Structure formats: structure tokens, C-alpha cells
Amino acid sequence: MIVAGAGSGKTKVLTTRIIHLMAAHQVDAFNILALTFTNKAAREMKERVERILGSGEARNLYIGTFHSVFARILRFEADKIGYPKHFTIYDTDDAKSVVKAVINDLNLDDKHYKPNIVYNRISSAKNALIGPEEYRNDYALQQEDIRANRPAIGQIYDQYVKRCFRNGAMDFDDLLLKFYELLRQVPECLSRYQQKFRYILIDEYQDTNPAQYEIIKLLGAMHENVCVVGDDAQSIYSFRGATIQNILQFQKDYDNVKVVKLEQNYRSTQSILEVANEVIRNNKGQIEKVLFTENPEGEKIRLVRTMTDNDEGKFVADSIQEQKLRHHFANKDFAILYRTNAQSRAFEESLRRMGIPYTIYGGISFYQRKEIKDMVAYLRFTVNPRDEEALKRIINYPVRGIGKTTLDKLLLLSNEKDCSTWDILLNVREHGFRAGTLTALEDFVTMIRSFASMLEKSNAYDLAFHVGKQTGLVKELFNDKSTEGMQRYENIQELLNSIKEWTESPDNDEGELVDKSLGAYLQQITLLTDADEKDVDADTVKLMTIHAAKGLEFSCVFAAGLEELLFPNAMAINTREELEEERRLFYVVITRAKQKLWITYANTRYRFGQLVQNEPSRFLDEIPESYLDRSFAGTKTTPTRHSSKWSTNYEPRPQQRTTSEKLSYMAPKPPVARVVEHKPSEGFTPSDMTELEVGHRVEHQKFGYGEVIKLEGSAHNPVATVQFEHNGEKKIMLNYARLRIVKS
DNA sequence: CGCAAAGCTTATCTG
DNA sequence: AAGCTTTGCG
């Protein structure tokens, strides 16, 4: 077990170990299994090994995420657990849709039984290796459901599992669960993979769940060459079923465990690292370690409060602009990291306004777009006609006269006979549909059959192209000349291109032949994420959640939205365990920064279209004052003593806020410098700022009258220095503040 | 069956 | 505020 602090070179250790095994101990690449947290990490690791060994052997390594590696094996062994070789992998949307269908079939109210909640419960159960039967016999789980007034979840779970099986589909959790079952139920599989994987390496071990734990235990039992790398301080995936116990208990789980600690950080400045250490010290129950660095001390951490979430966005965009000009940073040196995806909007807007290129991670991935899902649904259904979710998408798209009534009837029949909807369709004459409907249904069946007959003769690309043409789907999108319609058409073309590229990419040179069937293609795209599709090296500012930023590093980091109820999030402040995980999340965001770190928070922000007020995050109290620079933004105020406790009563803000005040940045503790009050003149209207020149006399809504003495900044962010009559010299950012040019 | 309007929900994190 | 679902009508 390698306990590796943030920035201590975890991934390098894993890569080096693989190389060492192969080069110095002549271990065959086919006997090494390396499990990573993301597809991207897997790809990078493979490339690094290949670059150093240069023998082409790297491609024979089993490197990937738990999900992708197990999916690959399951496809091979599917028949042994009763699944079709080309089983479909359901993403969360598909899975929730099945849950919803089951809820409706059981005549339960989907207002009470929200598919989202039910699905999450099922998912947690699966991650803990609890099947439907055990679920219904588990007293604690039953009590929880009864208390939440959802006693039928066990029943839904049971039906859900049966429905997925009938559809020939596995959800994400099944990829772990079914693999586990395979090992448990089929002895020859267990021994085959135990023998094959003589060396097992696992990255980010602190974020593994019980299902993953048991699988590793089984696979590793024969050789006990299990090497895990992790950092308990960065365990942030408990919502996905991860248990920090896996890493805390590792020493008890295996004989002869050797623990290696990596405590030197090569990433961050001393200031950043010390702040991180101070914060994480507040957690109990950790593996003891002291992170240090030989890097320079660096700058203090800038703590900035703004009035609103939009101001926060503007502040960050301005700061990026300023840093770029002053210190020649590139766009890609910056990351804006936040707790929830919904926070991205304000940053997007301000970056766009300033003309700073950016990339958002964690939105919907390419493969989740409607038009892509529609096209993919045809391909899925061709490969696996039991896939009811795919059928529901395509049976009447493009429109072919098979409406809701007909579809409902088909679904009902398949439930009654407990067979797939496809089986009903194959004998559709027996079920008394009207003549017109019958023709439409039979035409549909004929079409799908013609696609299926191509599966063996054609490659994935030719088939996909044919499907797009034959169904009229491509034509339908082509005819839509709206901006969105053209975009959708381009997306379909892009999909076809990517299938082509995939089809033509080279095979494995020895050993296994890479499977180039459509089925194999479909399987891997379901497991791709947003992050896998985007180019990390592009010169853009990166926006993502802290979870998504795990394992990454940036020269300059903005940790945004440090507010109570947002971070720590309201959903995670009810138990010590939850709160400690939020703190680890804070630790993660701090340690993403190499050189400069900003921490920002807003007094008010919009939620569901409503303005809410937030207090500063309790985590801010945990940073010693000496590491902080609070005087940083906007108004020049001297920092004052920091009261060790933020008031629990909300400190009311000034009664009426003028526009300029609302848009100004504030130093956190002492709010704003006192200004001499000014009442805007009657009918105050801001002038066109492009006409502003040095020497103009202007009126500001709050600061009053003054004279422009300097113009600077860029075209995107012009700044005027104004000498006010009663309020001294101020720098006014013309994008935000509004000035009236006074006729003289 | 298709469309438009109204109504309702959402937003903690993800392979 | 925005996206998705339901409802109502032609």
C-alpha cells in the first residue's frame, strides 16, 4: 500500500512499477491488471509505459477503469451468466427510465417514488453487493424506506433487476456486480482470471466501494500481488458507495502488507500546502502523515468576498485577465473549481464577455445529446433487440405512425407474457392491431431485420451510415435549417466520423484481436465521459466541479462558492462523516493549485430563480489568518483583525444598494470604504463609454462628480481613473460601473 | 397525432 | 431561470 499525499507523484509510482515489473522481472504484460479512476488516466498510463519501453508491449496490459475492464471481460463471458454477448450498457438516463416504467407498472405514484431517488437507492445497494432479496430482508434498509414513506423500493428493485435482465442490459453498477457474481458462480472463470492477473495495481484506492473491494480480494487471492495507491485525505466519493475503510483497513486485509508513504509534495508552494495541512487537520481518523515541500513559499492565498454570484464571476474573469497581462499566464494555466455544476453559469458569462476561451467539464457528454442517443438507439436495438429502452426511443422516430396507444399496448403485452417487446413484434399479427397500425409495425420489424442481417457482413461504420440513411433520421436533421437543427446534423456527421475512425484504428498486433464489431463500439462509448472527449491541452480556462478535478493540477486555481449550505453543501452537514468528506473536498481543491490560489464566496446568489443569502463557509475559519490576503480585491481597505467566529446571525447588508455598490468587489471583513453620500441627479442615464476621454467631467451614481484623469486596460476590460470631488481617486471598470458624461 | 401552452421540477458529487 | 412533462385542442 502506497499512501501518497496530494502532489507526491502517485501516478508516476504506478507507472514505474509496471515498467519495472516488465523490464526487470520479465513479467508478461498480459499478466498485469491496472485499474484507474478515469479512462483518461488509463490512457495516459499506457502511453507512458509505451514511451519508456517502446516495445509495443504496453497495449497488452489490462489498463482501464473498473467499469471498462470488467465490461470487456463480461462481454467475453456473458453467456455464462445468461446475458447475450452484445448486452447493452445502460447509462443513468436509461436506468432511470426503466425505474420509472417499473414504478408505473406497479401502480405506484411517481410523485412519491421519484425515479431519481429510487434509482440512487438501488445503486447504493448494488455497490454494497446487496441484491433485491437481501434488500427486502434487511431490517435497517426496510426501516429507512418506511420512514421515508417509500416501503415499496425493495419491490421496485426486484422488478428493476428482472426488467434489465429481460432487456439484456446491465447498468453501470451491474458491471461490478455481475463480474463479482461471475467470479463467485463460475469456478473456472475465477481461476482463469486469478491466474491471468498475477499482478494487480489500483490507483485512487480510497475511492473504491465494497463491490470493487470484494472483486479485488477474489482476484488477488491466488498471488497476493496487490499494489494499491491512494490518499485517505482525498476520499470524496462516498455518494458512489466508496468506503474510506477500504484504505484504512488494507493492512488487516492482506498478509505481509508493506506500507510506503510518500510525503513530499512536488506540486504546490509552501503557503498552499500549509493551508491544506491546516484544513485537513480538523478531520479525525486518518492515516498519519505530514506533507512537506521544498518548493518556494509563494504568495498568500487570496480570500475574496463579492456581493453576488455574478460579481464572483466577474471578479474571477477580471483576475484571470489581469494575471495573463501581468504574469504572462496562458488560459490553460487557470481553473475555476466549484462544488456544484449549477455554479458554472456566472463564470461562463463573464468569461464570454471578456473574450476568454474556456472549457466546461461535466455538462452532458456528446453521447448524451438527443440526436446522438436516437441514432445510437437504432444501433443498440440492431445489436440487441431485447433492449426496450432503445425501442421506445426509435419506434416512432422519425414519425412512422406508431403512436403512444400502440406502444403502450406493445409494452403491456410484453409484461403480460414476460417476454421482450421484440418477441411481441415478431408475432404482431396475433394481437389484433388495426390494419394501418399493423402495416407500420411490420415495416418497422422488416427494417430492423435488414439492419441485423448486415451485422456480420458490414463493419460498424457502413452499418451506421446505412441506418442513418435508411431510417430517414439523417435526412430529417438535414431538413431542419434552424441553428440548433444544423448543429444536430453536424453532430450526427461527427458521430459517423468517430465510428469510422474507430473502425479503422489498428488491431492488436499479437494475442487478442481487437473486436471491431458494432457491439464493441457501443459498449465503449457508454463508458466514455465528458472529460474523455475534451482536449486537456487546449489553451482554455478549465471549469469543473472539484470532484472532476481530482488528480489534476493548475498553476492558478479559483476555488469558488465557499459558502455555508453550498460548500459544505446542505445535503452533507448532518453527520460528522459527511462533513469530513466535505472538508476533504476542500482539501482537494486547495491542493490542485501549483502557484496561486484564490478562494471566493458571494453574499447572495440565485437558486431556482430566487435570490438567497449565504454565510461564509465554516471552512474559512480553519485557515490561519497569517496565510490569507484579504485586502486583495477592488477597494483599498486595510485588513482588520479576523473575528475567529463568523456570526451565525446573518449580517444585514445596506438597505438600498446602488448599482455601483452591487457591482463592486469587496474585501471580506470590513465591507466598503466609507463614501461621502451622493444622490444621483434626476434622470441619471449612463453614457456610452466608448466615447469617454481623459479630461471629461463625469457623474457616478455613488461617488458623485469627478474628472477622468487616466484611461487604461484592454478593449475587453477598460478601466478609467477618476478624481472625484468628494471621494478621492477611484479606478472604475467601465464594463460594470456606469458613468454619465457631464456636458461642460 | 402533432403542436403549443401551461405547469411542474430542479440543482451535490459520477463511471 | 431553464428544461422537461403534461394537458388541451384542432
Side-chain angles (χ1 to χ4, degrees), chain A residues 35-42 64-71 89-97 100 110-111 114-117 119-120 123-124 126-127 170-177 204 207-209 211-212 235-242 309-310 337-346 349 361-365 367-368 370 396-407 436-437 440 523-532 544-550 561 565-574 578 581-582 584-586 588-589 605-612:
Chain A
L35 297 167
T36 59
F37 198 69
T38 62
N39 293 303
K40 209 187 81 203
T65 62
F66 279 88
H67 291 87
S68 68
V69 167
F70 297 165
I89 298 175
Y90 277 169
D91 66 15
T92 9
D93 292 336
D94 297 316
K96 282 175 192 169
S97 170
K100 196 174 175 182
D110 63 4
K111 297 279 185 302
K114 291 188 182 161
N116 221 334
I117 293 175
Y119 171 73
N120 284 329
S123 174
S124 315
K126 286 188 173 183
N127 284 323
M170 294 192 197
D171 65 19
F172 286 145
D173 304 315
D174 284 334
L175 296 176
L176 306 180
L177 192 63
E204 309 280 8
D207 283 320
T208 51
N209 63 33
Q212 291 163 330
S235 163
I236 55 174
Y237 276 92
S238 73
F239 71 92
R240 208 161 91 184
D309 46 354
N310 289 326
L337 308 178
Y338 34 76
R339 180 67 177 80
T340 69
N341 280 308
Q343 286 165 259
S344 69
R345 203 209 79 252
E349 275 173 21
Y361 287 77
I364 51 166
S365 97
Y367 297 97
Q368 285 173 298
K370 187 191 170 298
N396 198 34
Y397 180 80
V399 178
R400 54 173 72 88
I402 305 173
K404 191 171 183 306
T405 320
T406 308
L407 177 60
T437 311
Q523 200 149 73
Q524 56 117 33
I525 61 170
T526 319
L527 297 173
L528 289 180
T529 65
D530 200 31
D532 296 319
M544 65 188 90
T545 63
I546 301 168
H547 283 92
K550 194 169 87 153
L565 305 182
L566 184 62
F567 191 10
N569 194 271
M571 305 291 285
I573 50 175
N574 298 316
E578 285 176 344
E581 180 151 325
E582 293 288 297
R584 290 194 292 270
L585 208 43
F586 189 40
V588 169
V589 71
R605 69 174 63 240
Y606 279 90
R607 189 163 181 272
F608 299 131
Q610 277 205 318
L611 198 62
V612 292

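Predicted model only: the values in this text are computed from it and were never measured. The chains referred to below are lettered A, B, ... by the order of the sequence lines, with proteins before strands, and numbering in each begins at 1.
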Considering every strand and a 4.0 Å limit on heavy-atom distances, what is the contact class for Gly362(A): base, sugar-phosphate, or nothing? nothing
Just verifying a value: how many Å separate Asp94(A) CG and Asp171(A) CG, rounded to the nearest 0.5 Å? 10.0 Å
Between dC13(B) atom P and Asn120(A) atom CG, what is the distance in whole Å? 12 Å
Just call it for Phe66(A): base, sugar-phosphate, or nothing, with non-hydrogen atoms closer than 4.0 Å on any strand. nothing
Which residues pass the side chain to side chain donor-acceptor pair (under 3.5 Å) test with Glu582(A), sequence neighbours left out? Arg339(A)
Rounded to the nearest angstrom, tell me the gap between atom CD1 in Ile546(A) and atom P in dT14(B). 11 Å
Mind checking whether Lys550(A) and Asp207(A) have side chains closer than 4.5 Å, heavy atoms only? yes
For dT14(B), does OP1 or OP2 lie under 4.0 Å from any side-chain N or O of Thr545(A)? yes
Between P of dC4(C) and NZ of Lys96(A), the distance in whole Å: 13 Å
Aromatic rings Phe66(A) and Phe70(A): how do their planes relate, parallel, tilted or perpendicular, breaks at 30° and 60°? perpendicular
Let's go through Leu176(A) and Asn209(A) carefully: what are the C-alpha distance in whole Å and the side-chain angles of both, what is the deciding distance for side chain to side chain contact (heavy atoms under 4.5 Å, CB included) to 0.1 Å, and is it a yes or a no? CA-CA 10 Å; Leu176(A) 306 180; Asn209(A) 63 33; 3.9 Å; yes
Using heavy-atom distances to pick each residue's nearest nucleotide on DNA chain B, tell me which of Arg400(A) and Phe172(A) is more 5'. Arg400(A)
Taken to the nearest whole Å, NZ/Lys370(A) to C1'/dG3(C) is 15 Å
Answer with base, sugar-phosphate or nothing: what part of the nucleic acid does Ile402(A) contact at a heavy-atom distance below 4.0 Å? sugar-phosphate
Rounded to the nearest angstrom, tell me the gap between atom OH in Tyr90(A) and atom P in dT14(B). 24 Å
Check nucleotides 7-12 of chain B against the protein and report each pair of N or O atoms closer than 3.5 Å, with its distance, or say if there are none.
residue, atom, partner, partner atom, Å
dT12(B), O2, Arg339(A), NH1, 3.2
dT12(B), O2, Arg339(A), NH2, 2.3

Does Ser97(A) use its side chain to pair, donor to acceptor, with the backbone of Asp93(A) at less than 3.5 Å? no
